[in-house]
Undergrad: 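Sharing a structure with you now.
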Amino acid sequence: NYAFGRSRTNASGTTQSRFEPFLDNARPGLDTGRSEFHVTHIVNGNAVVELPFGRGRRWLSRNRWVDVVAGGWQVGTVVHWQSGAPMSILSQRGTFNRTGRSFHQTAVSSLTDAAVQKLIGIHDVNGIVYWIDPSVIDPNTGRAVGPDTGTSTPGFPGQVFFNPGPGQVGTLGLLAFDGPAQWQMDVSISKRVPVWRGMGLKMRADVFNLLNTVNFYVADDDINSTSFGRVTATSTAPRTAQVLVSVDF
C-alpha cells in the first residue's frame with residue numbers, strides 16, 4: 001500500500017506552554033509551513049510465501065519423513081519505507097522579535113530551498129555522521145555561519161547560510177526540507193508439524209530489522225550551533241530475533 005500526505009499549519013504544537021506566538025503578528029505566514037508530523041510518501045509491503053517442499057508441494061513430496069523436516073514451511077516479510085520527516089534550518093536570534101519568540105525563525109541562504117535540499121543526506125566523515133554536506137560547515141567552529149561582520153560576506157569557503165540582519169527575518173522556508181528517508185525490513189519463518197489428530201506443534205522465528213538498517217533521527221538545527229549538521233541519535237532499534245514454540249489444536 002502507498003500513502004501520500006500533505007499538511008500545513010501555522011502552529012506546530014510542540015511548545016509546552018500551549019501558546020505559540022507569531023514572529024510577526026502582521027505576517028502570520030512567516031510561521032506557516034508543513035506540520036512536524038508531515039510525511040509525504042509512505043510505502044508498506046508484506047508477503048507470505050509457502051515454500052514448495054513436502055506433501056502436496058512440487059519438491060520432496062514423496063517421503064513422509066522428508067515431509068516432516070522440509071514440509072510446511074512459510075516465509076513472511078514486512079517492508080516499510082517512508083520519505084524523510086520535515087525539518088527547518090534556523091537562525092534563532094532575535095533579529096526581528098525577542099529571542100523567546102524566534103524559535104521558528106529560519107536562516108538566510110544564498111541558495112534556493114531546492115538547492116539546499118540537494119545538500120541533505122548522510123555523510124560519514126572520520127566517524128562523525130552529518131545529515132548535510134559538511135562542506136557548508138566551518139571546520140574550525142562547527143557552525144554553519146562565519147563570524148558576525150554585519151554583511152553577507154562569507155566568513156569561510158563554502159558558507160551558504162547567514163543570520164538575518166537587524167529588523168529582518170530568514171528567507172528559507174519553515175519545515176521546508178526533508179530529512180533522510182527511512183526504511184526497515186522484518187522477516188519471519190514458521191513451520192507447523194502435525195502431532196496427533198488436530199493437534200500440531202508450531203515453530204516460528206522472527207527477525208526484526210533483518211539488514212540491521214540504521215535510520216538517523218534528524219531535527220531542526222540552528223546555524224549558530226557549534227555542532228550544526230551532526231547526527232546524534234537513531235530512530236530504529238538494532239536487529240533483534242525471537243523464537244517461539246507453541247501447541248495449537
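Numbers here are sequence positions counted from 1.
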Undergrad: Is there side-chain contact between Ile223 and Ile89, with heavy atoms separated by less than 4.5 Å?
TA: yes
Undergrad: Once salt bridge (Lys or Arg N to Asp or Glu O under 4.0 Å) is applied, what residue pairs with a partner in residues 152-174 remain, sequence neighbours excluded?
TA: none
Undergrad: Would Thr236 and Val214 satisfy side chain to side chain contact (heavy atoms under 4.5 Å, CB included), going step by step from the backbone distance to the final call?
TA: CA-CA 7 Å; Thr236 49; Val214 179; 5.5 Å; no
Undergrad: Side chain to side chain contact (heavy atoms under 4.5 Å, CB included) between Val187 and Asp206: does it pass, once the steps are laid out?
TA: CA-CA 6 Å; Val187 171; Asp206 301 312; over 6 Å; no
Undergrad: Locate the shortest heavy-atom distance separating Ser109 from Leu172; write the atom from each residue and the value.
TA: CB-CD2, 3.7 Å
Undergrad: So, taking the atom named CD1 in Ile122 and the one named CD1 in Ile132, what distance separates them when rounded to the nearest 0.5 Å?
TA: 11.0 Å
Undergrad: Is there a donor-acceptor pair closer than 3.5 Å between any side-chain N or O of Ser225 and the backbone N or O of Ser227?
TA: yes
Undergrad: For Arg8, what residues pass the salt bridge (charged side-chain N to carboxylate O under 4.0 Å, His left out) criterion, not counting sequence neighbours?
TA: none
Undergrad: Are the side chains of Val48 and Val75 in contact, using a 4.5 Å heavy-atom criterion?
TA: no
Undergrad: Whether the side chain of Thr213 engages the backbone of Gln184 through a donor-acceptor N/O pair (distance < 3.5 Å, no angle test) should be reported.
TA: no
Undergrad: Using the test side chain to side chain donor-acceptor pair (under 3.5 Å), find all partners of Asp24 that sit at least two apart in sequence or belong to another chain.
TA: Arg27
Undergrad: Just so I know, are the side chains of Ile189 and Arg204 near enough to count as touching, which here means a heavy-atom distance under 4.5 Å?
TA: no
Undergrad: For Phe156 and Val136, which heavy atoms make the closest approach, and how far apart are they?
TA: CZ-O, 3.5 Å
Undergrad: How long is the gap from CG on Asp220 to NE2 on His104, to the nearest 0.5 Å?
TA: 6.5 Å
Undergrad: To the nearest 0.5 angstrom, please state how far the OG1 atom of Thr9 sits from the NE2 atom of His38.
TA: 13.0 Å
Undergrad: Would you say the side-chain atoms of Ser83 pair up with the backbone N or O of His41, donor to acceptor, closer than 3.5 Å?
TA: yes
Undergrad: What I'd like to find out is whether the side chain of Tyr217 reaches to under 4.5 Å of the side chain of Thr232, using heavy atoms alone.
TA: no
Undergrad: Can you find a pair of side-chain heavy atoms, one from Met203 and one from Leu244, that are under 4.5 Å apart?
TA: no
Undergrad: If you measure from CG on Leu174 to CG on Asp31, what distance do you get to the nearest 0.5 Å?
TA: 6.5 Å
Undergrad: I would like to know whether Asn10 and Phe22 meet side chain to side chain contact (heavy atoms under 4.5 Å, CB included); could you show each step before the answer?
TA: CA-CA 8 Å; Asn10 61 7; Phe22 289 134; 3.6 Å; yes
Undergrad: Look at the side-chain heavy atoms of Ile, Leu, Val, Met, Phe, Trp and Tyr, link any pair under 4.5 Å apart, and say whether Val108 and Leu111 land in one connected group.
TA: no
Undergrad: Look only at the side chain of Gln92 and the backbone of Phe103, and say whether a donor-acceptor pair between them is shorter than 3.5 Å.
TA: yes
Undergrad: Determine, using the 4.5 Å side-chain heavy-atom cutoff (strictly less than), whether Val218 and Ile128 are members of one ILVMFWY cluster.
TA: yes
Undergrad: How far apart are the C-alpha atoms of Val169 and Leu30, what are their side-chain angles, what is the distance that settles it, and do they pass the side chain to side chain contact (heavy atoms under 4.5 Å, CB included) test?
TA: CA-CA 9 Å; Val169 297; Leu30 294 176; 4.1 Å; yes
Undergrad: With rounding to the nearest 0.5 angstrom, report the CD to CD1 distance, Gln182 to Ile42.
TA: 11.0 Å
Undergrad: In this structure, would Val243 and Val78 fall into the same cluster of hydrophobic residues linked by side-chain contacts under 4.5 Å?
TA: no
Undergrad: Tell me, do Phe4 and Thr40 make a side-chain contact under 4.5 Å, heavy atoms counted?
TA: yes
Undergrad: Which atom names give the shortest non-hydrogen contact between Arg143 and Ile137, and what distance separates them?
TA: O-CG2, 3.5 Å
Undergrad: Give, for atom CG of Leu90 and atom OG of Ser88, the distance between the pair rounded to the nearest 0.5 Å.
TA: 5.0 Å
Undergrad: Grab the two heavy atoms, one from Ile120 and one from Phe177, that are nearest each other, plus how far apart they are.
TA: CD1-CB, 3.5 Å
Undergrad: Using modelled atom types only, decide if a donor and an acceptor are shared between the side chain of Asn46 and the backbone of Thr77 within a distance under 3.5 Å.
TA: no
Undergrad: Got a sec, which pairs hit salt bridge (Lys or Arg N to Asp or Glu O under 4.0 Å) with one end in residues 232-243, sequence neighbours left out?
TA: none
Undergrad: Flag the pair Ser35 / Leu175 as yes when at least one side-chain heavy-atom distance between them is below 4.5 Å, and no otherwise.
TA: no
Undergrad: Hydrophobic clusters here meaning ILVMFWY residues chained together by side-chain heavy-atom distances under 4.5 Å, can you tell me if Trp131 and Val160 are in one?
TA: yes
Undergrad: When you measure from the side chain of Gln117 to the backbone of Ala114, do you find a donor-acceptor pair of N or O atoms at a distance under 3.5 Å?
TA: no
Undergrad: Could I get the full list of ring pair (Phe, Tyr, Trp, His ring centres under 6.0 Å) partners for Tyr130, not counting sequence neighbours?
TA: none
Undergrad: Does Phe208, at its CZ atom, have more than 12 non-hydrogen atoms belonging to other residues, nucleotides or ligands within less than 6.0 Å?
TA: yes
Undergrad: Grab the two heavy atoms, one from Pro134 and one from Val125, that are nearest each other, plus how far apart they are.
TA: CG-CG2, 3.7 Å
Undergrad: Examine distances only and state if a side-chain atom of Asn209 and a backbone atom of Ala237 form a donor-acceptor pair shorter than 3.5 Å.
TA: yes
Undergrad: I want to check something: taking the side chain as every heavy atom from C-beta on, are Asn163 and Asp148 in contact at a cut-off of under 4.5 Å?
TA: yes
Undergrad: Got a donor-acceptor contact below 3.5 angstrom from the Gln105 side chain to the Ser91 backbone?
TA: yes
Undergrad: Does Asp113 form a salt bridge (charged side-chain N to carboxylate O under 4.0 Å, His left out) with Lys118? I'd like the steps, not just the answer.
TA: CA-CA 9 Å; Asp113 285 4; Lys118 292 181 179 179; over 6 Å; no
Undergrad: Could you give all pairs that pass the salt bridge (Lys or Arg N to Asp or Glu O under 4.0 Å) test and reach residues 170-189, with sequence neighbours left out?
TA: Arg34-Asp178
Undergrad: For the backbone of Leu23 and the side chain of Asn97, can you confirm whether one donor and one acceptor N or O come within less than 3.5 Å of each other?
TA: yes
Undergrad: Tell me the closest heavy-atom pair linking Ala144 and Phe228, and the distance in Å.
TA: CB-CD2, 3.5 Å
